[in-house]
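All ligand and atom numbering here is 1-based and tracks the order in the structure.
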Amino acid sequence: MIVLGVETSCDESAVAIYDSQKGLIAQELYSQIPLHSIYGGVVPELASRDHIRQTLPLIQAVLKKAQLTPESINGVAYTKGPGLVGALLVGATIARSLGWAWQVPTVGIHHLEAHLMAVMLEENKPPTPFVALLVSGGHTQLLAVEAPGCYRLLGETLDDAVGEAFDKTAKLLGLGYPGGPALSKLAEQGNPHRFHFPRPMISHPDLNFSFSGLKTFAANCYQANQDDPNIAADIASAFQLAVVDTLWIKCRRALRQMDCRRLVVVGGVGANRQLREHLQKEMQSIQGEVFYPRPEFCTDNGAMVAYTGYLHLKNGEQDSLSIEVKPRWDLTEKEF
Ligand code: KG4
Ligand code: ZN
């Protein structure tokens, strides 16, 4: 089965073709970062308009790259939610219309499930069951994954998502948008021990998180030391260490609770080098294993949508002809 996947939930237009025999055969991504960066964050209306401009040419480009004509496509998948409503509608409309024109089944995908399934595109795939840490710009969740499609929420953030905390702290330090990669780069030059950031919620026995206090702590440190040339790097470094420590403490608790030694880390912040290295070391020390998608499949991409679409389509699922998106959508209410 050959599936075309379309992702337009936020600020990346991304498409890919997954072939169940050959694996991923083509992908293209257009990032809107330059478009939004002057505003310091995503402007939803500009995002939708740019998806309209980019998505069809990207689809033409992947077909060309894969040396396929539309007749070879057996199914179409698109991100149905969660995400920005206007941005989602562009991908849903294009994908649903192409599916209708090509007379192939079309299926709407949950964006977080696609992030989770991205790890299955790697050679080193995790056997189920496993604990998953999903850390993106909009979500921070710990999930028990019994099998693909069988997700149980163990804990989640009560306020900011980790990616959001990275972005807000980066903004405060005068770094560009999106702040996560920039903050992480700056952190390499800083002293992580100059400030001791709190490790939020670690004394709570549950598996929930709270990250909004970290940016307030960062703001206070910054205001008190504005003339110091190293201040931004030192804050970035201590902030990142606090995030990584806190995530590991809760992951370890979830693994113990589930009596499991397999951890899967997905979503944009999963590309963070310090987080990857720290979890690798800690999981080794408990004779466990951590699995990641490659960094470019941690952030939004079309490959994860095409692959997740394949999983659903091979089960015989397909959408009706109506075009529907779900800007808010709980992963655990989704049936596979
Ligand atoms: O998964 P994603 O591409 O989009 C959402 O579904 O939200 O995640 C984007 C988030 C942004 O907040 C971005 O700053 C963060 O992931 N991010 C990072 C890194 N790369 C992306 N955060 C920390 N370190 C990184 N290397
Ligand atoms: Zn995402």
Option set Gly180, Ser31, Gly179, criterion heavy-atom distance to atom 18 (C) of ligand 1, minimum
Gly180
Run Gln189 and Asn230 through side-chain hydrogen bond (donor to acceptor under 3.5 Å, both in side chains) and show every step you take.
CA-CA 9 Å; Gln189 299 159 28; Asn230 293 328; over 6 Å; no
Using heavy atoms and a 4.0 Å limit, tell me yes or no: is Arg273 in contact with ligand 1?
no
Is Glu289 salt-bridged to Arg261, going by a charged N under 4.0 Å from an acidic O?
no
In terms of heavy-atom contacts, Glu28 and Ala61 come closest through CG-CB, 4.0 Å
In the protein, which heavy atom is nearest to atom 15 (C) of ligand 1, and how far is it?
Val269 CG2, 4.0 Å
Under 3.5 Å, N or O to N or O, is Pro178 touching ligand 1 that way?
no
Counting both backbone and side chain atoms, is some N or O of Gly268 under 3.5 Å from an N or O of ligand 1?
yes
His111 near ligand 1, heavy-atom distance under 4.0 Å?
yes
Which protein heavy atom lies closest to atom 24 (N) of ligand 1, and at what distance to 0.1 Å?
Asn272 ND2, 3.0 Å
What part of Asp300 sits under 4.0 Å from ligand 1 if we count only heavy atoms: the side chain, the backbone, both or neither?
both
Under a 4.0 angstrom heavy-atom cut-off, which atoms of ligand 1 come close to Gly138?
7 (O)
Mark yes or no for whether His110, through its side chain, and Leu112, through its backbone, hold a donor-acceptor pair below 3.5 Å.
yes
Side-chain donor or acceptor of Arg328 paired with backbone N/O of Pro82 under 3.5 Å:
no
Okay, side chain of His51, backbone of Val90: is any donor-acceptor separation there less than 3.5 Å?
no
Could you tell me whether Lys215 and Asp167 have a side-chain N and a carboxylate O separated by less than 4.0 Å?
no
Closest to atom 11 (C) of ligand 1 among Asp167, Val266, Val243 (heavy-atom distance):
Asp167
I'd like to know if Arg96 and Asp319 make a salt bridge, using a cut-off of under 4.0 Å between side-chain N and carboxylate O.
no
Check: Tyr30 and Leu58 side chains under 4.5 Å, non-hydrogen atoms
yes
The atoms of ligand 1 lying under 4.0 Å from a heavy atom of His115, numbered in the order shown, are 1 (O), 6 (O)
Does the side chain of Leu255 come within less than 4.5 Å of Phe130's, by heavy atoms?
no
Gly163 neighbourhood, listing ligand 1 atoms whose heavy-atom distance to it stays under 4.0 Å:
12 (O)
Flag this pair as yes if the NZ/CZ of Arg276 is under 6.0 angstrom from the six-membered ring centre of Tyr292 and inside a 45 degree cone about the axis; otherwise no.
yes
Measuring from the heavy atoms of Cys10, does anything fall under 4.0 Å of ligand 1?
no
I want to check something: taking the side chain as every heavy atom from C-beta on, are Val6 and Thr55 in contact at a cut-off of under 4.5 Å?
yes
Spell out, as yes or no, whether a donor-acceptor pair under 3.5 Å connects the side chain of Ser285 to the backbone of Glu282.
yes
What atoms in ligand 1 come closer than 4.0 Å to a heavy atom of Thr299?
3 (O), 21 (C)
Can you count the protein N/O/S atoms lying under 2.8 Å from the Zn ion (ligand 2), leaving waters out?
3
I'd like to check which ligand 1 atoms, numbered from 1 as shown, lie under 4.0 Å from a non-hydrogen atom of Gly137.
5 (C), 7 (O), 8 (O), 9 (C), 10 (C), 12 (O)
